[in-house]
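Accompanying notes for the structure given below.
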Amino acid sequence: MPQRIPDDAGLPELTLRGVVLGAVITLLFTASNVYLGLKVGLTFASAIPAAVISMAVLRRVAGANKLENNMVQTQASAAGTLSAIIFVLPGLLMIGYWQGFPFWQTTAICAIGGILGVLYTIPLRRVMVVQSDLPYPEGIAAAEILEVGSRDATTPDAARAADDGQRGAGGAKDEPGAREILLGGIVAAGFSIASGGLRVLADSISVWFSVGRAAFQLSTGFSLALVGAGYLVGIVGGVAMLIGTLIAWGIAVPWLTSITPAEAGQSLADAGMVLWSDKVRFIGAGTIGIAAVWTLATLFKPMLIGIRTSLGAMRGDQGAFRDQARTERDLPAGIILALTVALLVLLTVVFAIFLHGAAPQLAGAAFWTLTLGSVLFAGVFGFLIAAACGYMAGLVGSSSSPISGIGIVAVILVSLLLLGFTAVSDAFDVLDPAVARMLPTALALFVTSVILAVAAISNDNLQDLKTGYLVGATPWRQQVALIIGCVVGALVIPPVLSLLYNAYGFAGAMPREGMDPGQALGAPQASLMTAIVRGVFSHDLEWTMIVIGLAIGAVLIGVDEWLRRRGARHAYRCWRWESASTCRRASTCRW
């Protein structure tokens with residue numbers, strides 16, 4: 001385990017140079033996460049690579065230490081995690097509500113949602129990080145990396161001597177991972193130039209063929225960005241994606257093409273892609289949705305504990321902050337409550353501007369009902385989700401948490417609430433018919449973007465606080481670093497989104513005529529959530545496909561639970577037999 005810095009150590013933590021370095025790393029990893037998320041719907045937790053880069057840079061500066069490195073990776077990981085908001089926001093361009101990404105609206109929605117995610121989970125730190133035995137895989141891994149790469153003033157003499165002995169005859173220790181990161185970046189850049197600019201290499205191959213009336217697609221792609229992201233996500237996530245691919249393209253698309261007559265003049269590939277877009281991906285939505293609901297259901301008791309702890313912390317003693325040890329000081333409850341109220345007021349302003357910009361005729365009770373109702377739903381549902389996401393991050397890690405599923409559940413709930421409002425309100429009668437049809441869809445996506453920002457940051461926050469707990473960081477300083485990371489990430493995301501949109505376009509939203517649709521970024525989650533919202537309001541949602549997805553998800557959950565319990569029984573048996581020194585001779589012992 002990492003060596004914990006004692007409470008009485010006077011080491012610098014939240015420094016100006018650390019904040020600047022964290023902002024630079026934020027720019028790199030946010031841009032990478034935004035691009036990957038728009039291209040293939042996959043993001044990665046950036047805490048570990050951020051820690052490696054921070055150590056490689058700061059160890060060359062006098063006075064740098066493990067706690068300062070921890071603050072840098074905390075800030076950078078929060079900003080990188082905030083990029084999950086791209087799973088929703090591009091939908092506003094796909095429906096034609098936005099023609100680009102308004103800087104201040106996009107920045108505000110990212111910053112407010114992210115900071116709320118930080119504030120909601122601060123009261124959970126003690127019960128879920130300090131007093132819990134949750135594994136927090138990425139938080140522990142980041143702490144181990146910080147320990148390996150650190151050389152600070154608290155290192156014991158024996159450990160320092162052993163460290164010096166490892167330096168070799170040259171007296172210089174290898175930078176931990178810096179050369180590998182630099183080499184990987186150079187190789188990836190070279191491949192991108194060869195495949196994108198020079199067209200020397202192909203980054204994907206796709207072949208369609210038919211067996212009877214069933215259409216099959218065999219496709220392969222090669223991207224060093226995806227290789228790196230897959231390595232960070234891990235084998236479990238990769239296997240899950242492979243199973244989903246086999247179900248979609250090995251079973252669902254061939255089955256649907258065999259029973260659905262193709263339109264006149266429609267090619268095999270076009271018919272298959274239309275069926276995938278209009279039907280098959282809703283199977284995935286159902287599967288993701290039930291996975292999220294199942295996860296929330298299994299975490300219902302811990303979530304209640306977390307909510308009760310949060311409410312109890314709000315009633316805490318303000319004077320206790322000065323009496324606590326350095327490593328036990330969270331932001332005071334009064335500051336947390338004041339910031340939360342201020343952010344909800346700002347969120348009200350943002351929603352009001354969002355609604356007024358497209359429907360200035362909408363006023364009075366209907367306007368404020370939509371505005372305040374949206375803020376109330378985002379605030380309350382975000383608070384509930386924050387506790388669940390914090391627990392999920394501790395259990396399976398940030399990269400494996402079902403954020404997409406939470407987004408799907410949220411967007412369906414918001415759409416149903418707005419559908420009920422529009423059914424009983426005649427306020428939309430004064431609007432242009434096109435605006436009246438578009439506005440509820442846009443508002444549902446906008447509200448969901450706030451909830452997704454809260455969920456993503458809550459997912460990352462406790463992971464970082466676990467790292468800080470293991471290395472002996474000051475919690476309130478780390479929480480300030482998380483807030484800074486949210487602000488920096490919120491400032492970076494809009495220009496990166498605008499740059500990618502104008503360079504490639506999104507599927508169903510091209511900024512200029514004549515652009516190559518084949519080069520457009522798919523934005524799969526945003527496209528799926530947009531299709532779900534449109535289906536809810538137009539009353540033609542593919543419920544049959546969603547129910548099929550729910551059934552597939554239920555079967556997979558049942559198989560997973562059976563394997564987990566079976567594995568637990570064998571693990572217990574082997575432990576019992578090993579304790580009797582007979583496990584090695586037992587032929588039925590599988591573990």
| field | Side-chain donor-acceptor contact under 3.5 Å, Asp464 with Ser77 | value | yes

Under 3.5 Å, side chain of [X] to main-chain N/O of [Y], donor-acceptor pair present?
X	Y	value
Thr107	Trp104	no
Arg534	Leu541	no
Thr287	Gly549	yes
Asn461	Val118	yes
Tyr120	Ile115	no
Asp560	Leu556	no
Gln479	Leu331	yes
Ser527	Ala523	no
Ser258	Trp255	yes

[X] to [Y] - nearest heavy-atom pair and separation:
X	Y	result
Leu93	Ala509	O-CB, 3.8 Å
Thr26	Ala76	OG1-CA, 3.6 Å
Tyr501	Gln99	CE2-O, 3.7 Å
Ile85	Leu452	CA-CD2, 4.4 Å
Phe367	His356	CE1-N, 4.0 Å
Met529	Phe87	SD-O, 3.7 Å

Working to the nearest 0.5 Å, report the span between [atom1] of [X] and [atom2] of [Y].
X	Y	atom1	atom2	result
Phe383	Thr121	CZ	OG1	10.0 Å
Ile483	Leu116	CD1	CG	10.0 Å
Glu542	Ile283	CD	CD1	9.5 Å
Ile335	Leu339	CD1	CG	7.0 Å
Ser449	Leu92	OG	CG	7.0 Å

| query | Should we say atom CZ of Phe351 is surrounded by more than 12 heavy atoms from elsewhere, each under 6.0 Å from it? | reply |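 Buried by this count: over 12 neighbours within 6.0 Å.
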
| query | Can you say whether the rings of Phe381 and Phe377 are parallel (under 30°), tilted (30 to 60°) or perpendicular (over 60°)? | reply | parallel

| query | Ring centres of Tyr97 and Phe354 under 6.0 Å apart? | reply | yes

| message | Which residue in the set Leu89, Ile493, Val88, Val447 passes side chain to side chain contact (heavy atoms under 4.5 Å, CB included) when paired with Ile109? | response |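 That would be Leu89; it is the only one of Leu89, Ile493, Val88, Val447 passing the side chain to side chain contact (heavy atoms under 4.5 Å, CB included) with Ile109.
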
